[in-house]
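One structure below.
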Amino acid sequence: MKREMFPSDFLWGVATASYQIEGAYNEDGKGESIWDRFAHTPGKIKDGTTGDVACDHYHRYREDIALLKELGVNSYRFSVSWPRIFPCGKGEVNQKGLDFYNALVDELLKQGIKPLLTLYHWDLPQPLQFHGGWTNTDTVQAFLEYAMLLFKTLGDRVELWATFNEPWCISFLSHELGEHAPGIKDRRTALQVAHNVLVAHGKAVKAFRGKNLPGKIGIVLNLYPVHPLSESEQDKEAATLSDCYRNRWFLDPVFKGKYPEELLSVYQKLYGDFAKDYESIQVASEKMDFLGVNYYSREVVSYDPKSILKSKTVKVEGKRTDMDWEIYPQGIQEILVRINREYGPIDLYVTENGAAFKDEMKNGKIQDYERIDFLKEHFKNTYYAIQQGVPVKGYFVWSLMDNFEWAHGYSKRFGLFYVDYNDNLKRIPKESARWFKKFLNNEISLE
Ligand SMILES: OC[C@H]1NNC[C@@H](O)[C@@H]1O
């Protein structure tokens with residue numbers, strides 16, 4: 001199974017995000033983001049690092065685009081730093097911020113690489129957070145102004161637009177579990193955030209349509225197959241509620257304009273006031289052109305009467321990545337087939353798939369054969385989904401290079417290129433980069 005067996009117009013790319021690679025956190029007029037503040041808060045990042053410099057992509061973007069060219073990808077997914085465009089979140093525009101993304105897009109196009117632009121990959125301008133962040137509908141309005149400016153500035157050259165990256169992380173990971181910025185731990189707040197982000201998504205899609213732009217727009221969701229540990233009714237009930245929490249809380253609003261009833265009723269019992277605005281979620285279901293699917297692993301759950309989701313995650317035997325995530329390649333096939341069956345037809349992109357392993361330099365090489373095996377199996381399972389008629393239109397490896405892995409700092413390496421943080425952030429191709437290049441050049445098969 002070679003690259004040529006995939007559709008001829010299939011996009012093969014890599015993905016990154018602004019806060020994780022750009023650095024220049026306070027340069028050229030950029031404002032503070034909630035991740036600047038979170039990372040500077042002692043105890044929040046496991047290795048005590050920040051994205052102040054990161055991979056210095058802001059200054060090295062031409063060098064990094066040369067790496068893309070060298071790999072042989074035909075597409076590149078990146079995100080725009082909102083506070084680089086609107087330092088206060090709204091109002092005054094930072095022209096140097098627009099200049100950077102104009103130059104980035106122009107260089108990508110010059111190299112024959114199609115951009116996929118994510119408007120929001122978590123770096124909210126901190127001034128908006130001072131006024132409640134995503135709990136405040138003013139932030140929805142500010143996001144629309146930000147999106148409209150980027151549509152106007154880049155809409156003639158960027159064909160693929162994603163509104164949000166992983167709203168589950170923006171809401172529950174960041175406002176219920178508190179592991180990501182702004183580090184709030186309150187479920188009712190998280191539900192309000194999820195609601196406003198989904199409303200902002202729908203309004204941005206509608207605004208995009210109004211601009212009559214040549215491109216396509218969608219959202220990127222991190223999705224997990226959820227499996228019951230046993231076929232008992234209780235474990236199956238646990239899987240249903242966990243599936244609602246992880247997947248359907250976002251899938252159902254953007255495709256069906258409503259929340260999944262099974263979990264909505266649980267929240268309504270807990271938060272009666274939630275009922276007053278949940279019906280307005282219909283706004284989120286403006287028709288999209290594609291869905292971005294970020295896939296990393298599955299979740300196995302068993303019944304837990306103490307949990308409001310009646311479920312707890314179970315760690316099953318099997319190979320795991322350095323993030324301690326189970327390696328489950330058939331899950332990418334499962335999730336793509338399910339989306340097509342239950343929410344399709346719609347074009348799908350695997351907007352992120354990859355793995356962290358303990359990559360080490362040995363004799364001048366990084367022999368990350370586990371990552372090659374991981375990618376090979378996930379490419380194959382993506383192909384099996386295509387064979388079943390699922391309209392998968394592209395696949396983006398997470399990530400081009402090692403970068404700031406959020407609360408893990410630089411301790412987790414997902415890149416195809418190793419970044420030597422002790423030697424001027426030098427980018428060194430791992431064996432997986434060499435393998436990917438050969439695959440893209442039809443030199444090797446996936447068997
Ligand atoms: O954890 C790996 C990736 N997951 N999706 C969002 C990205 O920002 C993460 O680095």
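For ligands, and for the atoms within them, numbers begin at 1 and follow the listed sequence.
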Query raised in the report: Side chains of Ser81 and Glu22: donor-acceptor distance under 3.5 Å anywhere?
Result: no
Query raised in the report: Which class fits the ring pair Tyr146 and Trp82: parallel under 30°, tilted 30 to 60°, perpendicular over 60°?
Result: parallel
Query raised in the report: Are side-chain N/O atoms of Asp123 and Ser18 paired as donor and acceptor at under 3.5 Å?
Result: yes
For residues 390-399, please give each side-chain donor-acceptor pair under 3.5 Å, one per line with the distance, not counting sequence neighbours.
{"unit_1": "Tyr395", "atom_1": "OH", "unit_2": "Asn353", "atom_2": "OD1", "d": "2.4"}
{"unit_1": "Ser399", "atom_1": "OG", "unit_2": "Ala15", "atom_2": "O", "d": "2.7"}
{"unit_1": "Ser399", "atom_1": "OG", "unit_2": "Asn403", "atom_2": "ND2", "d": "3.2"}

Query raised in the report: Hey, are Glu326 and Lys315 close enough for a salt bridge, meaning a charged N less than 4.0 Å from a carboxylate O?
Result: no
**Report entry** Protein residues having a heavy atom less than 4.0 Å from any atom of ligand 1
**Finding:** Gln20, His121, Trp122, Asn165, Glu166, Tyr296, Trp325, Glu352, Trp398, Glu405, Trp406, Phe414
Query raised in the report: Sub-3.5 Å donor-acceptor pair from the side chain of Ser285 to the main-chain atoms of Val254, do we have one?
Result: no
